[in-house]
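Take a look at the structure below.
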Amino acid sequence: MATQRTTTRPPKNLAPDPVAIEPAPCQPCGGTGNVAITVRVGRKRRPVGQQDGLCLNCLGEGTAPAA
């Protein structure tokens, strides 16, 4: 019969925890999810101002879509 071990082995070096990589911000909206849309009125379609619109590149999420 083998003798009983009195010491324990040191734990093996485990891989470090993976670091979460933040996704890059969306290019057209700058990460806000909103873009400025020009409001046009009249027959000649003259611009009168701007309003916020949903970014069509990231669909309002603010992060760059995976290509």
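Note that the coordinates shown come from a computational prediction; the quantities given were computed from them, not determined experimentally. Side chains included, hydrogens not; waters and symmetry mates left out as well; all remaining heavy atoms used.
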Derivation of the side-chain contact (heavy atoms from CB on, under 4.5 Å) call for Val39 and Ile37: CA-CA 6 Å; Val39 178; Ile37 304 288; 5.8 Å; no

Contact summary for Cys58 and Gly33, nearest pair of heavy atoms: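 Closest heavy-atom pair between Cys58 and Gly33: SG-CA, 4.3 Å.
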
Closest non-hydrogen atom pair between Cys26 and Pro28, with its separation: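 Nearest heavy atoms, Cys26 then Pro28: SG-CD, 3.3 Å.
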
Remaining members of the apolar cluster that contains Leu56, side-chain heavy atoms under 4.5 Å: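 Answer for Leu56: none, a lone residue.
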
Qualifying side-chain hydrogen bond (donor to acceptor under 3.5 Å, both in side chains) pairs, either residue in residues 32-61, two or more places apart: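 Non-adjacent pairs meeting side-chain hydrogen bond (donor to acceptor under 3.5 Å, both in side chains): Glu61-Thr63.
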
